[in-house]
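Working notes for the structure below.
Hydrogens, waters and symmetry mates play no part in the numbers below; they use all other heavy atoms, side chains included. The sequence lines fix the lettering, A, B, ..., with proteins before strands; numbering per chain opens at 1. Please read these numbers as outputs of a predicted model, since none were measured by experiment.
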Number of protein chains: 2
Amino acid sequence: MTTEPNTPDAAESSRSEHVPDSDTVTPVMEDYLKTIYELQYDRDGAVWTSRIADSLEVTPPTVSSMLEKLERRGLIHREKHRPVTLTETGENVALGVIRNHRLLETFLADYLEYEWDEVHAEADRLEHYVSDQFVDRLTAMLEHPSSDPHGDPIPDEALAAPTRSWIRLSEAEAGVSHRVERVRADGERLRYLADCGITPGVPVEIVERTPLESVEIAIESDPDHEPNSQVLPKRACERILVGPLPGNN
Amino acid sequence: MTTEPNTPDAAESSRSEHVPDSDTVTPVMEDYLKTIYELQYDRDGAVWTSRIADSLEVTPPTVSSMLEKLERRGLIHREKHRPVTLTETGENVALGVIRNHRLLETFLADYLEYEWDEVHAEADRLEHYVSDQFVDRLTAMLEHPSSDPHGDPIPDEALAAPTRSWIRLSEAEAGVSHRVERVRADGERLRYLADCGITPGVPVEIVERTPLESVEIAIESDPDHEPNSQVLPKRACERILVGPLPGNN
DNA sequence: ACAAATAATTAGCCTAATCAAATATAATAG
DNA sequence: CTATTATATTTGATTAGGCTAATTATTTGT
């Protein structure tokens, strides 16, 4: 469902003919669709031109003209000066790219010994250039993983995202231990959290909420040692998703 | 030494500034350089505009304008209406791409169960988008292979191609068994040769040369069975490279 | 209710890569 | 030593993606 780039393959292929290529989705378009999807579902709702511009590090006019193109291709719904939404087609393209991304991240971490915070940049590029065949074979090799190294769910071949219900660490009850399921951050922030021991699978517990929008938590990275205590801003705890601790229900 | 695409990374990176980008090598440029390298070393010498156009399936004017750009970037030497040659820089770029290509082919065949003739197309795309880090880790995982599934030598990290001396099967002495080392073909032709049992490692022997520019050969794909006999055109045998059969010197 | 501030769009231009048509150059055949 | 032919290059367009500056909508604060 992704790029599957032009395979001129068969003897004396096309060339010439100046195809306006009205239904090809380019890598850049894929990036826009993925960004729209993430803004729509992962943060709070409405997807405005300027939010897309910020995420992709381009200027608003650039986004405007791309949105026009995406609308003509039937990939988004748009009204002037209103937030955009994905069509079903557009959402499927986005999910395909996200699937590629998360599978690649898993591969990089499991087979190429990439660090937790290094996988993102590499996957962000390759996600647009791997063929469906490559992705199929890769999932088989990885034994059909359901989540990537950050705990993000990997859509299956039919693009159905395994929905599970996590809560935000910021909303967990104080004094109750939970298991880290997902850490939604990248770059420096991600590295910092990893250094604190916050990675999927680790038990954490809120010790105390301060009146200053920060939260003291206890992290049990290593079951044999005493928990590591850490004070994090509430905003950071909102991006750490946790679930029930198995055996400690 | 390859792409390592723009990593705006650090906070509030470039954007704007309208960089004419005078020393970036684009994926397309990499393709031209790789093609020039292959035409220069793998076939008979002189690299003309139209040969490049044929290989890349673009028109001669397109090649002309790209060659001008490559010359300005210091990647090729060129005089009007003369064949081009690579500068040292240009050759290094080409070798880097070839290294990426052959390593990817090896990975696809060894880990993702790609067929011998399927690896090329996938590697041809990905070769431009993998980072140096990716390639380094991949070589480690593959245990520093010295040749790809077709027997083509893989340049090492310093881009030195392991030179070995093969002879063409077409030039081998009749009645003497040799070992297939390299099969220089792609697509349909490659698939056909594979079906005949001609893959690296297999012992072959010229049975008889006909006066019609074709050659009868015996192929011992399976040591337990009797050799498979096949008549191939001489042109095909020129692209099958063989070496001495170990133990039968 | 209206001016000020904020956000989106339009207009016009740029680079990379491509093509077709026209032109120029080199090679070769009389 | 010209005339024909095969190549190469130049010219002028096109498409994709991007930018700046100017303009237009929308939202907000008084």
Side-chain angles (χ1 to χ4, degrees), chain A residues 3 5-6 8 13-36 39 46-73 75-85 125 128, chain B residues 3 5-6 8 12-36 39 46-73 75-84 125 128:
Chain A
T3 308
N6 47 332
S13 73
S14 48
R15 184 210 290 194
S16 63
E17 255 155 88
H18 244 281
V19 188
D21 243 346
S22 233
D23 56 63
T24 302
V25 179
T26 64
V28 174
M29 289 180 188
E30 289 181 350
D31 264 338
Y32 277 85
L33 295 169
K34 183 179 79 158
T35 298
I36 293 168
L39 290 173
V47 183
W48 301 92
T49 300
S50 56
R51 301 303 315 276
I52 302 173
D54 291 346
S55 298
L56 290 172
E57 302 192 76
V58 297
T59 59
T62 301
V63 175
S64 266
S65 68
M66 180 55 85
L67 291 181
E68 197 197 320
K69 197 178 304 179
L70 293 175
E71 188 183 26
R72 276 198 315 242
R73 295 263 205 297
L75 297 162
I76 61 172
H77 296 299
R78 186 173 76 125
E79 292 168 84
K80 296 222 160 129
H81 297 273
R82 299 274 75 204
V84 299
T85 54
R125 217 168 340 100
H128 306 293
Chain B
T3 307
N6 46 333
E12 220 24 55
S13 70
S14 48
R15 183 208 294 195
S16 64
E17 257 157 84
H18 245 279
V19 188
D21 242 348
S22 233
D23 56 63
T24 302
V25 179
T26 66
V28 175
M29 290 181 188
E30 288 181 350
D31 264 337
Y32 279 84
L33 295 170
K34 183 177 80 160
T35 299
I36 292 168
L39 290 172
V47 183
W48 299 93
T49 299
S50 57
R51 300 304 315 277
I52 301 172
D54 291 346
S55 297
L56 290 172
E57 303 191 76
V58 297
T59 59
T62 302
V63 175
S64 267
S65 68
M66 180 56 84
L67 292 182
E68 197 196 320
K69 198 180 302 179
L70 293 174
E71 187 184 26
R72 276 196 315 237
R73 294 263 204 297
L75 297 162
I76 61 171
H77 297 297
R78 185 173 77 124
E79 291 168 83
K80 295 226 159 127
H81 296 272
R82 300 275 72 209
V84 300
R125 218 167 340 100
H128 306 293

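- Atoms CG (B/L56) and P (C/dA16) sit 18 Å apart, rounded to a whole Å.
- In this structure, A/E57 places its CD atom 18 Å from P of D/dG17, rounding to the nearest Å.
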I need a per-nucleotide contact map over nucleotides 1-12 of chain D, read 5' to 3'. Cutoff is protein heavy atoms under 4.0 Å; write B for the base, S for backbone only, - otherwise. -------SBB--
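- For the residue pair A/I36 and A/V47, the shortest heavy atom distance occurs at O-CG2, 3.9 Å.
- Partners of A/S50 according to the side chain to side chain contact (heavy atoms under 4.5 Å, CB included) rule, which considers only residues two or more places apart in sequence or in another chain, are A/W48.
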Donor-acceptor contacts under 3.5 Å from residues 63-72 of chain A side chains, at least two apart:
residue: A/S65; atom: OG; partner: A/T62; partner atom: O; Å: 3.1
residue: A/E68; atom: OE2; partner: A/R72; partner atom: NH1; Å: 3.4

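- Per the geometry, CG belonging to A/D31 stands 14 Å off C1' belonging to D/dG18, to the nearest Å.
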Short N/O separations, protein against nucleotides 3-5 of chain C, under 3.5 angstrom:
none

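- The distance from atom CE of B/M29 to atom P of C/dT15 is 13 Å, rounded to the nearest whole Å.
- The side chain of B/Y32 places no N or O atom within less than 4.0 Å of a non-bridging phosphate oxygen (OP1 or OP2) of C/dA16.
- For the pair A/E30 CD and D/dG17 P, the interatomic distance rounds to 11 Å; values are reported in whole Å.
- In this structure, CE of A/M66 is placed 15 Å from P of D/dT15, rounded to the nearest angstrom.
- Evaluation of the side chain to side chain contact (heavy atoms under 4.5 Å, CB included) rule for B/P61 yields B/T59 as partners, not counting sequence neighbours.
- Scored by the side chain to side chain contact (heavy atoms under 4.5 Å, CB included) test, B/H81 finds no partners at all (sequence neighbours excluded).
- A/A53 and A/P60 get closest at one heavy-atom pair: CB-N, 3.9 Å.
- Using a 4.5 Å cut-off on side-chain heavy atoms (C-beta onward), A/V58 and A/Y32 make contact.
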Can you check side chain to side chain contact (heavy atoms under 4.5 Å, CB included) on A/H128 and A/D31, steps first, answer last? CA-CA 9 Å; A/H128 306 293; A/D31 264 338; 3.0 Å; yes
